[in-house]
Q: 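Here it is, the structure, as structure tokens.
When a residue number appears, it is its place in the shown sequence, counting from 1.
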Amino acid sequence: LAAVRKAAFEKKADLIDCSARFSYQCYHKLFLSPNRDLEQNVLWTAASLSVTARRGEEVKNSYDSLSLLGGAELLDELPSHLDKSIATLEDVLKSEPLTPGTYECVCTPEVTGMIVHEAFGHGVEMDMFVKDRALAKTHVGKPVASSLITMRDGAATGYDDVATFFFDDEGNTAQNTLIIDKGTLVGGICDEVSAARLGTAPTGNGRREAIDHKVYTRMTNTYFLEGDDKVEDMIASVKNGLLLEQPTSGMEDPKNWGIQCMVSFAREIRDGKLTGRIFSPIVLSGYVPDLLKSITMVSGTVEHAGGGYCGKGWKEWVKVSDGGPWIKATIRLG
């Protein structure tokens with residue numbers, strides 16, 4: 001980590017700061033009951049790189065993260081992200097404010113992942129169905145997204161990341177849950193108590209922050225499935241729009257399906273080409289079904305990341321990952 005930080009200042013001497021971080025958790029869990037005798041040992045790691053510089057009175061930042069289900073081998077990948085982080089910082093230092101409006105947008109997989117997590121992940125946590133705090137409860141079996149969109153969540157989704165495990169904190173085995181099937185909402189995710197109250201089966205999403213905390217319905221690995229489009233074709237199809245990159249934070253109102261997310265910057269696209277003009281920061285907002293139904297292209301490549309944590313409201317932090325393909329959609333930005 002010290003070597004990566006030193007290399008950053010050698011590459012760009014006017015940096016204000018460079019932060020290189022690494023974290024891990026190795027946990028051992030037992031679940032014992034008259035009907036179940038379970039044991040699991042899980043190790044996940046996450047690393048991040050943040051570089052900061054000043055332009056006049058403005059301080060700008062570029063942030064990158066990586067994660068996996070595994071150990072310190074992740075550190076071997078961190079130096080390769082340094083050049084990209086510094087190049088992105090140079091771009092952001094040249095950025096200008098964006099005129100608020102509705103834009104045709106291409107989203108990188110990282111931004112797609114934030115949309116997956118914030119726009120629909122929290123909205124299908126079925127303990128919110130029990131409390132009548134989620135609009136999704138009234139839309140099961142109805143179209144809520146473009147027919148190009150299929151969404152899944154689960155600790156056994158087929159890719160391994162920080163939210164992959166063998167059984168949840170109620171002793172239910174990890175699953176791969178289908179949430180949206182070709183645009184139609186088919187179900188949600190739930191813990192055991194919520195499942196009992198709703199008359200459905202638990203999905204292995206009962207998770208607690210620590211042993212002395214309550215179990216809640218929580219996301220694990222959440223993502224959109226791939227499509228058939230090529231990224232270059234998606235950009236070429238945009239007449240006047242933006243390429244959104246580097247998500248930072250977001251929140252959702254499950255009861256009204258509102259969304260508000262922060263994106264570090266956006267690159268201008270004119271007549272199917274990147275112009276080099278950059279805008280920052282970007283606020284993404286709107287009504288979730290409108291955003292998801294506006295998706296017209298989905299790439300054949302999928303990426304995922306688990307660098308951060310997810311809170312239940314403002315507390316109860318657990319490790320999650322999210323991701324998906326590049327998508328093209330019409331989005332309200334400010």
Q: Could you tell me whether a side-chain N or O of Thr248 sits under 3.5 Å from a main-chain N or O of Met262, the two making a donor and an acceptor?
A: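 Pair found, side chain donor or acceptor close to backbone of Met262.
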Q: side-chain contact (heavy atoms from CB on, under 4.5 Å) with Ser264: which of Glu245, Glu110, Gln246?
A: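 Exactly one candidate clears the test, Gln246.
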Q: Answer with yes or no after comparing the ring centroid distance for Tyr27 and Phe165 against a 6.0 Å cut-off, counting only values under it.
A: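 No, the ring centres sit 6.0 Å or more apart.
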Q: Nearest heavy-atom pair of Ser85 and Asp64: which atoms, and what distance?
A: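 Nearest pair, atom of Ser85 first, then Asp64: OG-CB, 3.7 Å.
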Q: Taking the side chain as every heavy atom from C-beta outward, state whether His117 and His122 have any pair of such atoms under 4.5 Å apart.
A: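 Heavy-atom side-chain distance check passes, below 4.5 Å.
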Q: Do you reckon Val42 sits in the same ILVMFWY cluster as Phe22, going by side-chain contacts under 4.5 Å, direct or chained?
A: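 In one cluster: no.
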Q: Looking at Pro325 and Val298, what are the two nearest heavy atoms and their distance?
A: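 That closest heavy-atom pairing would be CG-CG1, 3.2 Å.
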Q: To the nearest 0.5 Å, what is the distance between CG (Leu78) and CG (Leu1)?
A: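 Answer for the CG-CG pair, Leu78 versus Leu1, is 6.5 Å.
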Q: Looking at side-chain heavy atoms only, is the closest gap between Ile189 and Glu125 below 4.5 Å?
A: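 The answer is yes; the side chains approach within 4.5 Å.
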Q: Whether the side chain of Lys319 engages the backbone of Gly308 through a donor-acceptor N/O pair (distance < 3.5 Å, no angle test) should be reported.
A: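 A pair under 3.5 Å: yes.
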Q: Do you know the tightest heavy-atom contact between Thr164 and Ala155?
A: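 Heavy-atom minimum between the residues: CG2-O, 3.2 Å.
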Q: Would you say the side-chain atoms of Arg133 pair up with the backbone N or O of Pro254, donor to acceptor, closer than 3.5 Å?
A: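 Not at all, since once roles are kept as given, no pair shorter than 3.5 Å links the two residues.
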Q: Without hydrogens or angle criteria, can the side chains of Asn35 and Ser33 be said to hold a donor-acceptor pair below 3.5 Å?
A: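 Not at all, the side chains of Asn35 and Ser33 share no donor-acceptor pair under 3.5 Å.
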Q: Is the side chain of Glu58 donor-acceptor paired with the backbone N or O of Gly56 at a distance under 3.5 Å, no angle test?
A: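 Here the side-chain-to-backbone pair does not exist.
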Q: Atom OH in Tyr24, atom SG in Cys26: separation rounded to 0.5 Å?
A: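 The SG atom of Cys26 is 8.0 Å from OH of Tyr24, to the nearest 0.5 Å.
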Q: Would you confirm whether Thr220, through its side chain, and Gly154, through its main-chain N or O, come within 3.5 Å as a donor-acceptor pair?
A: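 Yes; at least one donor-acceptor contact below 3.5 Å.
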Q: Given Ile115, which partner from the list Val288, Leu291, Asp322 fulfils the side-chain contact (heavy atoms from CB on, under 4.5 Å) test?
A: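 Of the listed residues Val288, Leu291, Asp322, the side-chain contact (heavy atoms from CB on, under 4.5 Å) partner of Ile115 is Leu291.
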Q: With a 3.5 Å distance limit and no angle check, can you tell me whether Tyr223 reaches the backbone of Thr157 through a side-chain donor-acceptor pair?
A: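 Yes; judged by distance alone, with no hydrogens or angles, the pair exists.
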Q: Do you know the tightest heavy-atom contact between Asp14 and Ala53?
A: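 Asp14 and Ala53 have their closest heavy atoms at O-CB, 4.3 Å.
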Q: Would you say that Asp153 contacts Val124 through its side chain, given a criterion of any heavy-atom pair below 4.5 Å between the two side chains?
A: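 No; the side chains remain at least 4.5 Å from each other.
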Q: Mind listing the closest non-hydrogen atom pair of Met297 and Leu148 along with its distance?
A: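 Closest heavy-atom pair between Met297 and Leu148: N-CD1, 3.8 Å.
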Q: Spell out, yes or no, whether Ile295 and Leu333 are grouped together once hydrophobic residues are joined by side-chain heavy atoms under 4.5 Å, including indirect joins.
A: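 Hydrophobic grouping puts Ile295 with Leu333.
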Q: Can you give me every donor-acceptor pair (side chain of residues 91-98, partner residue at least two apart or in another chain, under 3.5 Å) with its distance?
A:
residue: Asp91; atom: OD2; partner: Arg267; partner atom: NH1; Å: 3.0
residue: Asp91; atom: OD2; partner: Arg267; partner atom: NH2; Å: 3.0
residue: Ser95; atom: OG; partner: Val92; partner atom: O; Å: 2.7
residue: Glu96; atom: OE1; partner: Arg277; partner atom: NE; Å: 3.3
residue: Glu96; atom: OE1; partner: Arg277; partner atom: NH2; Å: 2.9
residue: Glu96; atom: OE2; partner: Arg277; partner atom: NE; Å: 3.0

Q: Please determine whether residues Leu49 and Leu75 belong to a single hydrophobic cluster, defined as Ile, Leu, Val, Met, Phe, Trp and Tyr linked transitively by side-chain heavy-atom distances below 4.5 Å.
A: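 Per the 4.5 Å side-chain linkage, Leu49 and Leu75 are co-clustered.
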Q: Is any side-chain heavy atom of Leu68 less than 4.5 Å from a side-chain heavy atom of Thr45?
A: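 The answer is yes; the side chains approach within 4.5 Å.
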Q: Measuring from Asn172:CG to Phe167:CZ, what's the distance to the nearest 0.5 Å?
A: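 The CZ atom of Phe167 is 10.5 Å from CG of Asn172, to the nearest 0.5 Å.
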Q: Determine, stepwise, if the pair Glu192 / Arg36 fulfils salt bridge (charged side-chain N to carboxylate O under 4.0 Å, His left out).
A: CA-CA 15 Å; Glu192 196 160 284; Arg36 304 173 199 169; 3.6 Å; yes
Q: When you compare the side chains of Trp44 and Gln25, does any donor N or O come within less than 3.5 Å of an acceptor on the partner?
A: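 Yes, Gln25 and Trp44 have a side-chain donor paired with an acceptor closer than 3.5 Å.
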Q: Are Leu244 and Phe279 connected, step by step, through hydrophobic side chains (Ile, Leu, Val, Met, Phe, Trp, Tyr) whose heavy atoms are closer than 4.5 Å?
A: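 Linked within one cluster.
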Q: Begin with the C-alpha distance, continue with both residues' side-chain angles, and end with the deciding distance and a verdict on side chain to side chain contact (heavy atoms under 4.5 Å, CB included) for Thr150 and Ile180.
A: CA-CA 5 Å; Thr150 295; Ile180 299 175; 5.8 Å; no
Q: Tell me, please, whether Tyr216 has Lys214 positioned over its six-membered ring: NZ or CZ under 6.0 Å from the ring centre and within 45 degrees of its axis?
A: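 Pair Lys214/Tyr216 counts as cation-pi.
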Q: Can any side-chain N or O of Glu252 pair as donor or acceptor with the backbone N or O of Ile259 at less than 3.5 Å?
A: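 Pair absent, no side-chain N/O of Glu252 close to backbone of Ile259.
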Q: What distance separates Tyr159 OH from Asn176 CG, expressed to the nearest 0.5 Å?
A: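 The distance works out to 10.0 Å.
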Q: Just to verify, what does Ala210 make a side-chain contact (heavy atoms from CB on, under 4.5 Å) with, not counting sequence neighbours?
A: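 Partners of Ala210 under the side-chain contact (heavy atoms from CB on, under 4.5 Å) test: Asp212, His213.
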Q: Is Val144 close to Trp257 at the side-chain level, that is, under 4.5 Å between some pair of heavy atoms?
A: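 The answer is yes; the side chains approach within 4.5 Å.
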Q: Is there a donor-acceptor contact under 3.5 Å linking the side chains of His304 and Asn221?
A: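 The answer is no; no qualifying pair exists.
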Q: Looking only at non-hydrogen atoms, find the nearest pair between Ile331 and Cys107 and report the distance.
A: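 Distance-wise, the nearest heavy atoms are CD1-SG, 3.9 Å.
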Q: Is there a side-chain contact between Asp168 and Asn205, using heavy atoms and a 4.5 Å cut-off?
A: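 No, their side chains stay 4.5 Å or more apart.
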Q: Sub-3.5 Å donor-acceptor pair from the side chain of Lys312 to the main-chain atoms of Thr217, do we have one?
A: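 Indeed, once roles are kept as given, a pair shorter than 3.5 Å links the two residues.
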Q: Give a yes or no answer on whether the side chain of Thr203 reaches the backbone of Cys190 with a donor-acceptor pair at less than 3.5 Å.
A: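 Side chain of Thr203 to backbone of Cys190, a donor-acceptor pair under 3.5 Å: yes, one is there.
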Q: How long is the straight-line distance from CZ of Arg332 back to CG of Leu284, given to the nearest 0.5 Å?
A: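 Reported value, rounded in 0.5 Å steps: 9.5 Å.
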Q: How about Ser23 and Arg21: does a side-chain donor come under 3.5 Å of a side-chain acceptor?
A: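 No, no side-chain donor-acceptor contact under 3.5 Å.
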Q: For residues Tyr103 and Tyr287: do they belong to one hydrophobic cluster (side chain heavy atoms under 4.5 Å, members Ile, Leu, Val, Met, Phe, Trp, Tyr)?
A: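 Same cluster: Tyr103 reaches Tyr287 through Ile, Leu, Val, Met, Phe, Trp or Tyr contacts under 4.5 Å.
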Q: Do the side chains of Val263 and Met114 get nearer than 4.5 Å, heavy atoms only?
A: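 Yes, their side chains come closer than 4.5 Å.
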Q: Tell me whether Asp253 contacts the main-chain N or O of Lys255 through its side chain, where contact means a donor paired with an acceptor under 3.5 Å.
A: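 Between the backbone of Lys255 and the side chain of Asp253 there is a qualifying donor-acceptor contact (under 3.5 Å).
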Q: With side chains defined as the heavy atoms from C-beta onward, is the minimum distance between Thr222 and Phe120 less than 4.5 Å?
A: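 Answer no - side chains too far apart.
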Q: The test is salt bridge (charged side-chain N to carboxylate O under 4.0 Å, His left out); show your working for Arg5 and Asp17 and say whether it passes.
A: CA-CA 9 Å; Arg5 188 174 190 276; Asp17 194 17; 3.0 Å; yes
Q: Output yes when Lys29 and Asp169 qualify as a salt bridge under the 4.0 Å nitrogen-oxygen rule, no when they do not.
A: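 A salt bridge is present here (some side-chain N lies under 4.0 Å from a carboxylate O).
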Q: Report the distance from atom NZ of Lys230 to atom OG of Ser237, rounding to the nearest 0.5 Å.
A: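 With rounding to 0.5 Å, NZ (Lys230) is 14.0 Å from OG (Ser237).
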Q: Going by an N to O cut-off under 4.0 Å, is there a salt bridge joining Glu316 and Arg218?
A: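 Answer for the salt bridge query: no.
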